[in-house]
Amino acid sequence: MADKPSFYITTPIYYVNAAPHLGTAYCTIMCDVQARYRRAAGYDVKFLTGLDEHGQKVEEAAEAHGMTPQAWCDSLAPAFTDIWQTLEISNDDFIRTTQERQVRAVQYLWERMKESGYIYKGSYDGWYCVPEETYFTETQVAKSDEANHTEGQHLCPDCGRPLQRVQEESWFFKLSAFQDRLLKFYDEHPDFVMPGFRMNEVRSFVEGGLQDLSVSRTSFDWGIRLPFDNKHVTYVWFDALLNYATAVGYGQPGEEAAADYARRWPAQYHVVGKDIIRFHCVIWPAMLMAIGEPIPEHVFAHGFLMVRNEETGQGEKMSKSRGNAIAPQDVIDMLGVEGYRYYFMRDVKPGEDGAISFNRMDQVYNADLANSWGNLVSRALNMSAKYFDGKTPVLPAGWAERESPLTEAASGLYERYAQHMDVFEYPEAIDEVMALVGAANHYIEDAKPWALAKDSAQADELAFVIGGLLEAIRISAHLLAPFTPETCAEVLRRLSLEGEIGADDLAATCAWGQIPGGLSVTKGDALFPRLQKKD
Ligand code: MSP
């Protein structure tokens with residue numbers, strides 16, 4: 001393990017005020033695809049997800065259900081772990097901010113902050129949005145009230161829900177002291193925020209000036225207590241952001257934790273939604289600068305899933321009140337788990353907002369999975385079984401060097417695919433693989449193996465054609481595996497190639513010309529049965 005490079009990737013930790021939804025599942029699948037791809041490409045991966053359990057929002061949700069906050073969190077946590085298991089999420093760790101390790105790390109952070117001189121005690125007098133767990137200044141609120149004509153009512157400039165007035169004693173983090181250092185850091189690390197256009201947003205926010213941040217609360221209890229000021233609990237974001245470091249040993253006793261931290265930190269990727277980039281790209285790096293810890297390599301911000309209105313063609317915000325919210329289970333019921341994963345990764349450009357709809361799900365599933373990929377596997381495996389006595393054809397030495405439409409499509413494929421995968425360009429990476437799948441389907445039509453099979457003089461040619469098709473399938477199964485792991489593993493099993501699953505040199509595995517002859521071929525059921533129109 002030790003000689004493999006470390007690759008540490010995280011999802012945001014989700015609030016336990018409600019059940020997991022399409023947006024949280026989307027982000028988690030996106031990370032899972034990256035984690036699976038990197039494992040196959042030879043990295044020693046740690047993939048972390050978890051739950052953000054403290055704060056006023058969770059406390060209020062618990063109260064509304066007549067439960068203590070801890071009992072509430074415990075009752076909801078399985079909804080997350082269960083759906084992640086269903087969706088084949090391969091996380092290596094699951095953190096909950098109420099765990100002992102997080103309490104220890106946050107208290108350790110407070111001590112380091114105190115030593116650093118970047119915190120001080122004062123009093124906060126301003127606005128707070130509970131659903132967003134965010135502070136707003138008088139000026140931000142006044143500006144937004146004016147722009148939105150809220151007439152005396154003070155609404156959150158971000159989410160539009162009513163704000164609370166907060167006046168309380170508080171500890172502050174001197175965020176204002178970090179403006180220059182942050183700007184210098186962005187200059188030196190232009191790909192810290194991805195995609196690139198989001199960097200401009202972050203930079204102009206910082207250029208506009210930073211205010212010190214209230215990082216402790218005294219008006220409620222549900223949080224981690226300050227080790228040196230017991231009346232105060234930690235502001236939920238100050239607590240939550242640290243989870244990424246906690247999970248790799250920050251603030252934990254023992255040599256093992258220290259070694260883990262040295263190996264894993266800084267993280268390669270925090271993947272987050274565009275609504276929480278300021279926390280990850282401004283506050284979090286400033287916190288790390290204050291305590292002298294390294295800053296993660298990249299924050300990748302994805303867009304929002306919107307529901308496509310079929311009449312206007314426009315994306316609309318998903319919400320229960322509009323009646324257009326789609327639950328993960330609805331999509332699983334329609335597409336199955338692998339169809340679900342494939343659809344979101346294929347149809348939504350990760351940096352942008354995506355307009356999703358049941359119509360598109362139907363189209364993408366049928367076109368790509370049922371008609372193209374599923375059909376190719378079924379036809380090629382059937383023909384191999386039929387013409388070669390239930391086996392893969394035995395090919396003469398040097399067959400792999402002979403050119404065909406398949407070698408053309410497979411040439412340089414891994415490099416193109418990897419270039420896209422490395423930067424979360426999943427639709428483009430899938431396009432590359434689907435080009436090979438499409439070429440293979442055409443090749444069947446052009447080469448007409450059923451005609452070759454009738455002529456014994458064409459036996460070698462038939463073996464060459466079927467062997468090529470199976471080789472294209474083998475390679476495609478490896479490249480699609482991060483998206484649809486179970487069906488790809490099934491394809492390789494049907495070719496008696498389960499031994500290749502879990503190999504960690506994807507480039508070598510995907511080099512053309514390796515399918516062995518004489519392996520048992522199992523035909524099996526359709527991988528992706530066509531969706532029937534329900535009406
Ligand atoms: N607890 C914080 C994160 C702390 S990380 C140190 C939080 N939690 S959340 O549960 O409210 O949101 C988690 C993620 O879901 C965010 O990244 C957010 O962008 C994402 N999404 C919420 N709705 C979404 C869509 N409609 N589409 C895509 N993602 C969306 O914020």
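Indexing begins at 1, ligand by ligand and atom by atom, following the structure's order. The structure presented is a predicted model; accordingly, all values stated were derived computationally and were not measured.
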Given the side-chain rings of His270 and Phe300, with only the six-membered ring counted for Trp, is the space between their centroids under 6.0 Å?
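Here the rings of Phe300 and His270 have centres that are no less than 6.0 Å from each other.
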
Atom pairs and distances, ligand 1 N/O vs protein N/O under 3.5 Å:
from, atom 1, to, atom 2, distance (Å)
ligand 1, 1 (N), Ile13, O, 2.8
ligand 1, 1 (N), Asp52, OD2, 2.7
ligand 1, 10 (O), Tyr15, N, 3.2
ligand 1, 17 (O), Gly273, N, 2.9
ligand 1, 19 (O), Asp275, OD1, 2.5
ligand 1, 26 (N), Leu305, O, 3.4
ligand 1, 27 (N), Leu305, N, 2.9

List the residues meeting ring-ring contact (aromatic ring centres under 6.0 Å, His included) with Tyr124, not counting sequence neighbours, and say none if there are none.
Tyr135

Using the ring-ring contact (aromatic ring centres under 6.0 Å, His included) criterion, which residues pair with Tyr8? Sequence neighbours excluded.
none

Starting from the C-alpha separation in whole Å, work towards a yes-or-no answer on side chain to side chain donor-acceptor pair (under 3.5 Å) for Arg39 and Ser90.
CA-CA 11 Å; Arg39 284 189 201 108; Ser90 63; 2.9 Å; yes

So, is the end of the Arg278 side chain (NZ or CZ) under 6.0 Å from the ring centre of Phe205 and within 45° of the ring's axis?
yes

For residues 300-309, pull every pair meeting side chain to side chain donor-acceptor pair (under 3.5 Å), keeping only residues two or more places apart or in separate chains.
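Pairs touching residues 300-309 that pass the test: Asn309-Glu316.
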
